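In what follows, a structure is listed as C-alpha coordinates, so that the remarks can point back to it.
Indexing begins at 1, ligand by ligand and atom by atom, following the structure's order. Being a predicted model, the structure only gives us computed values, none of them experimental.
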Amino acid sequence: MTETQLHAPMEISFDYTRSLGPVLGEFMTGLRDRRILGARAADGRVHAPPFEYDPVTSLPPGELVEVGPAGTVVSWSWQPSPLAGQPLGRPFGWALIRLDGADTALLHAVDAGSAAAMRTGMRVRPRWAGERAGGIRDIACFEPGEAAAGPWRDASHDATPVTMTVSPVRLRYEHTASAGESAYLRGLAAGRLIGQRCPACGKVYVPSRGVCPADGVPADEAVELPDIGTVTTFSIVNVGYPGQQVTPPYVAAAVLLDGADIAFQHLILGCEPSAVHLGMRVRAVWRPREEWGTSAENISHFGPAGEPDARYETYARFL
Ligand SMILES: [Zn+2]
(Lines give C-alpha, C1' and ligand atoms only; values in the text may rest on other atoms or scores of the structure.)
Protein backbone atom coordinates (compact mmCIF):
# COMPACT_ATOMS: atom_id res chain seq x y z
CA MET A 1 0.00 0.00 0.00
CA THR A 2 2.71 2.43 0.95
CA GLU A 3 4.38 2.36 -2.48
CA THR A 4 1.21 3.76 -4.02
CA GLN A 5 1.19 6.79 -1.74
CA LEU A 6 3.06 10.01 -2.32
CA HIS A 7 4.67 12.24 0.24
CA ALA A 8 6.47 15.55 0.07
CA PRO A 9 7.95 18.16 2.41
CA MET A 10 5.68 21.15 2.83
CA GLU A 11 6.33 24.54 4.37
CA ILE A 12 3.86 27.22 5.34
CA SER A 13 5.28 30.56 6.38
CA PHE A 14 4.00 34.07 6.80
CA ASP A 15 4.74 37.20 8.77
CA TYR A 16 2.00 37.65 11.34
CA THR A 17 1.58 41.41 11.64
CA ARG A 18 -0.62 43.13 14.17
CA SER A 19 -1.09 46.45 15.89
CA LEU A 20 0.17 46.65 19.46
CA GLY A 21 -2.38 48.93 21.07
CA PRO A 22 -1.50 51.72 23.51
CA VAL A 23 0.03 49.68 26.36
CA LEU A 24 2.20 47.21 24.47
CA GLY A 25 3.09 49.96 21.99
CA GLU A 26 4.52 52.02 24.83
CA PHE A 27 6.25 48.93 26.26
CA MET A 28 7.90 48.15 22.90
CA THR A 29 8.82 51.80 22.34
CA GLY A 30 10.45 51.71 25.76
CA LEU A 31 12.49 48.62 24.88
CA ARG A 32 13.78 50.34 21.76
CA ASP A 33 14.99 53.15 24.07
CA ARG A 34 16.44 50.61 26.57
CA ARG A 35 13.71 51.16 29.13
CA ILE A 36 11.60 48.34 30.57
CA LEU A 37 8.10 49.40 31.59
CA GLY A 38 5.58 47.79 33.87
CA ALA A 39 1.98 48.62 34.69
CA ARG A 40 0.73 49.46 38.18
CA ALA A 41 -2.51 47.66 39.02
CA ALA A 42 -5.32 48.96 41.22
CA ASP A 43 -3.99 46.84 44.09
CA GLY A 44 -0.59 48.55 43.84
CA ARG A 45 1.25 45.62 42.33
CA VAL A 46 3.49 46.35 39.34
CA HIS A 47 3.23 43.92 36.42
CA ALA A 48 6.19 43.69 34.04
CA PRO A 49 5.58 43.08 31.19
CA PRO A 50 2.57 45.37 31.54
CA PHE A 51 -1.01 44.11 31.38
CA GLU A 52 -3.42 45.65 28.88
CA TYR A 53 -6.31 45.29 31.32
CA ASP A 54 -6.06 45.27 35.09
CA PRO A 55 -6.65 41.68 36.31
CA VAL A 56 -8.69 43.06 39.23
CA THR A 57 -10.66 45.95 37.76
CA SER A 58 -10.45 45.08 34.03
CA LEU A 59 -9.50 48.72 33.34
CA PRO A 60 -6.51 49.79 31.24
CA PRO A 61 -3.45 50.70 33.33
CA GLY A 62 -3.41 54.24 34.59
CA GLU A 63 0.35 54.56 34.40
CA LEU A 64 3.38 52.70 33.18
CA VAL A 65 6.40 52.75 35.46
CA GLU A 66 10.00 51.95 34.72
CA VAL A 67 11.36 48.76 36.29
CA GLY A 68 14.73 47.00 36.38
CA PRO A 69 16.77 46.87 34.36
CA ALA A 70 18.29 44.22 36.65
CA GLY A 71 16.22 41.53 38.24
CA THR A 72 16.14 38.21 40.05
CA VAL A 73 15.59 34.76 38.56
CA VAL A 74 12.56 33.20 40.24
CA SER A 75 12.43 30.03 38.15
CA TRP A 76 14.34 28.58 35.19
CA SER A 77 14.96 25.64 32.91
CA TRP A 78 17.94 24.83 30.72
CA GLN A 79 17.83 24.73 26.92
CA PRO A 80 20.72 22.37 26.02
CA SER A 81 20.10 22.35 22.25
CA PRO A 82 18.80 25.70 20.99
CA LEU A 83 16.46 25.63 18.03
CA ALA A 84 16.67 27.92 15.03
CA GLY A 85 15.20 31.29 15.82
CA GLN A 86 15.72 31.11 19.58
CA PRO A 87 17.46 34.00 21.35
CA LEU A 88 20.88 32.35 21.56
CA GLY A 89 22.68 29.86 19.35
CA ARG A 90 24.42 28.18 22.30
CA PRO A 91 22.89 26.45 25.34
CA PHE A 92 21.06 28.93 27.57
CA GLY A 93 18.52 29.18 30.35
CA TRP A 94 14.87 30.10 30.00
CA ALA A 95 14.04 32.09 33.10
CA LEU A 96 11.22 33.89 34.78
CA ILE A 97 12.84 37.13 35.91
CA ARG A 98 11.32 39.50 38.45
CA LEU A 99 12.75 42.86 37.54
CA ASP A 100 13.58 45.27 40.34
CA GLY A 101 10.44 47.23 41.19
CA ALA A 102 8.10 44.66 39.67
CA ASP A 103 5.88 42.11 41.40
CA THR A 104 5.50 39.73 38.46
CA ALA A 105 8.05 37.94 36.30
CA LEU A 106 9.15 38.32 32.68
CA LEU A 107 10.16 35.31 30.56
CA HIS A 108 13.48 35.67 28.79
CA ALA A 109 16.74 33.91 27.98
CA VAL A 110 19.74 33.97 30.32
CA ASP A 111 23.23 33.54 28.86
CA ALA A 112 24.78 31.85 31.88
CA GLY A 113 27.25 29.60 30.05
CA SER A 114 26.16 26.39 31.72
CA ALA A 115 23.27 24.96 33.67
CA ALA A 116 25.55 24.73 36.71
CA ALA A 117 25.81 28.52 36.71
CA MET A 118 22.03 28.96 36.81
CA ARG A 119 20.19 29.18 40.08
CA THR A 120 17.01 30.58 41.48
CA GLY A 121 17.72 33.90 43.14
CA MET A 122 20.57 34.82 40.82
CA ARG A 123 20.84 38.42 39.77
CA VAL A 124 20.69 39.19 36.06
CA ARG A 125 20.76 42.25 33.85
CA PRO A 126 19.66 42.79 30.26
CA ARG A 127 22.07 42.59 27.37
CA TRP A 128 20.60 45.00 24.85
CA ALA A 129 20.61 44.23 21.15
CA GLY A 130 22.81 46.50 19.06
CA GLU A 131 20.01 47.19 16.58
CA ARG A 132 16.70 47.76 18.32
CA ALA A 133 13.43 47.93 16.43
CA GLY A 134 10.80 48.02 19.17
CA GLY A 135 10.26 44.39 20.15
CA ILE A 136 11.04 41.94 22.94
CA ARG A 137 14.20 40.99 21.03
CA ASP A 138 15.56 44.45 21.74
CA ILE A 139 16.69 42.61 24.87
CA ALA A 140 19.09 40.11 23.26
CA CYS A 141 19.08 38.13 26.51
CA PHE A 142 19.85 38.54 30.20
CA GLU A 143 23.27 37.85 31.68
CA PRO A 144 24.47 37.30 35.25
CA GLY A 145 25.22 40.47 37.16
CA GLU A 146 23.88 43.71 38.54
CA ALA A 147 22.79 46.59 36.36
CA ALA A 148 25.68 48.44 34.81
CA ALA A 149 26.18 51.96 36.05
CA GLY A 150 23.94 54.30 34.06
CA PRO A 151 23.07 55.84 31.79
CA TRP A 152 21.72 52.81 29.93
CA ARG A 153 18.96 54.62 28.10
CA ASP A 154 19.36 55.33 24.44
CA ALA A 155 16.49 57.31 23.02
CA SER A 156 18.55 59.27 20.55
CA HIS A 157 17.95 57.33 17.36
CA ASP A 158 14.20 57.37 16.73
CA ALA A 159 11.31 59.23 18.30
CA THR A 160 8.53 57.48 16.37
CA PRO A 161 6.24 55.44 18.64
CA VAL A 162 6.21 51.70 17.96
CA THR A 163 2.68 50.68 16.91
CA MET A 164 3.07 47.36 15.07
CA THR A 165 4.73 44.01 15.69
CA VAL A 166 5.72 41.35 13.18
CA SER A 167 6.03 37.71 14.22
CA PRO A 168 7.43 35.38 11.56
CA VAL A 169 5.52 32.09 11.60
CA ARG A 170 6.88 28.98 9.88
CA LEU A 171 5.68 25.41 9.86
CA ARG A 172 7.54 22.61 8.10
CA TYR A 173 5.94 19.23 7.84
CA GLU A 174 5.96 16.07 5.76
CA HIS A 175 2.69 15.51 3.95
CA THR A 176 1.69 11.96 3.12
CA ALA A 177 -1.06 11.82 0.53
CA SER A 178 -3.93 9.43 1.05
CA ALA A 179 -4.40 6.65 -1.48
CA GLY A 180 -7.11 8.69 -3.20
CA GLU A 181 -5.03 11.84 -3.26
CA SER A 182 -2.03 9.88 -4.55
CA ALA A 183 -4.14 8.54 -7.43
CA TYR A 184 -5.33 12.07 -8.17
CA LEU A 185 -1.77 13.48 -8.18
CA ARG A 186 -0.41 10.62 -10.32
CA GLY A 187 -3.27 11.30 -12.73
CA LEU A 188 -2.31 14.97 -12.92
CA ALA A 189 1.27 13.95 -13.69
CA ALA A 190 -0.11 12.09 -16.73
CA GLY A 191 -2.41 14.94 -17.75
CA ARG A 192 -5.56 13.21 -16.49
CA LEU A 193 -8.13 14.09 -13.83
CA ILE A 194 -8.87 11.04 -11.69
CA GLY A 195 -11.74 10.98 -9.22
CA GLN A 196 -13.10 8.15 -7.12
CA ARG A 197 -16.63 6.81 -6.92
CA CYS A 198 -18.36 5.72 -3.73
CA PRO A 199 -19.78 2.20 -4.13
CA ALA A 200 -22.69 3.03 -1.79
CA CYS A 201 -24.04 6.35 -3.08
CA GLY A 202 -22.34 6.48 -6.46
CA LYS A 203 -20.98 9.98 -5.95
CA VAL A 204 -17.68 10.89 -7.61
CA TYR A 205 -15.18 12.85 -5.55
CA VAL A 206 -12.26 14.78 -7.04
CA PRO A 207 -9.78 15.19 -5.51
CA SER A 208 -10.69 12.18 -3.41
CA ARG A 209 -9.66 11.52 0.16
CA GLY A 210 -10.31 7.85 -0.53
CA VAL A 211 -13.39 7.61 1.68
CA CYS A 212 -16.96 8.77 1.08
CA PRO A 213 -17.70 11.33 3.83
CA ALA A 214 -21.40 10.46 3.73
CA ASP A 215 -21.14 6.65 3.83
CA GLY A 216 -17.78 6.16 5.51
CA VAL A 217 -16.77 3.46 3.05
CA PRO A 218 -13.72 3.38 0.77
CA ALA A 219 -14.38 5.17 -2.51
CA ASP A 220 -11.85 3.28 -4.55
CA GLU A 221 -13.30 3.01 -8.03
CA ALA A 222 -11.17 5.28 -10.20
CA VAL A 223 -13.14 7.49 -12.56
CA GLU A 224 -11.50 9.63 -15.21
CA LEU A 225 -13.12 13.02 -15.59
CA PRO A 226 -12.89 15.52 -18.44
CA ASP A 227 -11.02 18.75 -17.83
CA ILE A 228 -14.12 20.83 -18.48
CA GLY A 229 -16.73 21.94 -15.99
CA THR A 230 -19.10 24.57 -14.69
CA VAL A 231 -18.55 27.51 -12.32
CA THR A 232 -20.87 26.95 -9.36
CA THR A 233 -19.73 29.91 -7.30
CA PHE A 234 -16.85 32.35 -7.28
CA SER A 235 -15.32 35.38 -5.66
CA ILE A 236 -13.29 38.21 -7.15
CA VAL A 237 -10.03 38.69 -5.26
CA ASN A 238 -9.23 42.40 -4.96
CA VAL A 239 -6.85 42.25 -2.02
CA GLY A 240 -3.13 41.95 -2.54
CA TYR A 241 -0.79 40.08 -0.20
CA PRO A 242 2.95 39.27 -0.11
CA GLY A 243 3.89 36.42 -2.41
CA GLN A 244 0.74 36.65 -4.51
CA GLN A 245 1.36 35.08 -7.92
CA VAL A 246 -1.55 36.64 -9.83
CA THR A 247 -2.17 40.37 -9.87
CA PRO A 248 -5.62 41.35 -8.50
CA PRO A 249 -8.37 41.55 -9.46
CA TYR A 250 -8.79 37.90 -10.38
CA VAL A 251 -11.36 35.18 -9.81
CA ALA A 252 -11.20 32.17 -7.50
CA ALA A 253 -14.04 29.82 -8.31
CA ALA A 254 -15.60 26.50 -7.41
CA VAL A 255 -15.54 24.41 -10.59
CA LEU A 256 -17.74 21.35 -10.93
CA LEU A 257 -16.13 19.02 -13.44
CA ASP A 258 -18.56 17.17 -15.69
CA GLY A 259 -19.34 13.88 -13.97
CA ALA A 260 -18.13 14.98 -10.52
CA ASP A 261 -20.30 15.39 -7.44
CA ILE A 262 -18.14 17.92 -5.67
CA ALA A 263 -16.64 21.16 -6.92
CA PHE A 264 -13.05 22.10 -6.39
CA GLN A 265 -11.30 25.45 -6.20
CA HIS A 266 -9.31 26.96 -9.01
CA LEU A 267 -8.47 30.26 -10.67
CA ILE A 268 -10.49 31.56 -13.59
CA LEU A 269 -8.27 33.56 -15.92
CA GLY A 270 -8.41 34.44 -19.58
CA CYS A 271 -11.37 36.79 -19.32
CA GLU A 272 -12.36 39.89 -17.38
CA PRO A 273 -13.35 39.07 -13.78
CA SER A 274 -16.68 40.81 -14.45
CA ALA A 275 -17.40 38.26 -17.20
CA VAL A 276 -17.29 35.28 -14.81
CA HIS A 277 -20.74 34.06 -13.77
CA LEU A 278 -22.57 31.07 -12.32
CA GLY A 279 -23.10 28.36 -14.90
CA MET A 280 -20.15 29.52 -16.98
CA ARG A 281 -18.43 26.65 -18.79
CA VAL A 282 -14.68 26.56 -18.18
CA ARG A 283 -11.85 24.33 -19.31
CA ALA A 284 -8.51 23.57 -17.66
CA VAL A 285 -5.47 25.33 -19.06
CA TRP A 286 -2.54 23.00 -18.52
CA ARG A 287 1.00 24.20 -18.08
CA PRO A 288 3.55 23.16 -20.73
CA ARG A 289 4.16 19.43 -20.35
CA GLU A 290 7.89 19.90 -19.65
CA GLU A 291 6.90 21.78 -16.45
CA TRP A 292 4.69 19.01 -15.12
CA GLY A 293 5.28 17.37 -11.78
CA THR A 294 3.12 15.36 -9.40
CA SER A 295 1.25 18.45 -8.39
CA ALA A 296 -2.06 20.24 -8.67
CA GLU A 297 -0.08 23.07 -10.25
CA ASN A 298 0.06 21.13 -13.53
CA ILE A 299 -3.19 22.94 -14.25
CA SER A 300 -2.36 26.64 -14.48
CA HIS A 301 -5.97 27.79 -14.25
CA PHE A 302 -9.36 27.40 -15.88
CA GLY A 303 -10.48 29.62 -18.73
CA PRO A 304 -13.65 30.17 -20.75
CA ALA A 305 -14.57 27.02 -22.68
CA GLY A 306 -16.55 28.94 -25.25
CA GLU A 307 -19.66 26.81 -24.69
CA PRO A 308 -23.20 27.96 -23.85
CA ASP A 309 -23.84 28.23 -20.10
CA ALA A 310 -24.86 25.10 -18.22
CA ARG A 311 -28.55 24.86 -17.39
CA TYR A 312 -29.24 25.89 -13.81
CA GLU A 313 -30.74 22.50 -12.88
CA THR A 314 -27.42 20.79 -13.68
CA TYR A 315 -25.55 22.58 -10.92
CA ALA A 316 -28.26 23.94 -8.59
CA ARG A 317 -27.61 21.29 -5.89
CA PHE A 318 -23.93 22.29 -5.71
CA LEU A 319 -24.52 25.94 -4.86
ZN1 LIG B 1 -21.12 7.51 -0.57
Legend entry - Protein N, O or S atoms under 2.8 Å from the Zn ion (ligand 1): 4
Legend entry - For Glu313, side-chain hydrogen bond (donor to acceptor under 3.5 Å, both in side chains) partners two or more places apart: Arg311
Less than 4.0 Å between a side-chain N and a carboxylate O, is that true for [Y] and [X]?
X: Arg283; Y: Asp227; answer: yes
X: Lys203; Y: Asp215; answer: no
X: Arg281; Y: Asp309; answer: no

Legend entry - Trp292/Trp286 aromatic ring centres below 6.0 Å: yes
Inset, instruction - If the plane angle is over 60° it's perpendicular, under 30° parallel, otherwise tilted; pick one for Phe142 and His108. - result: perpendicular
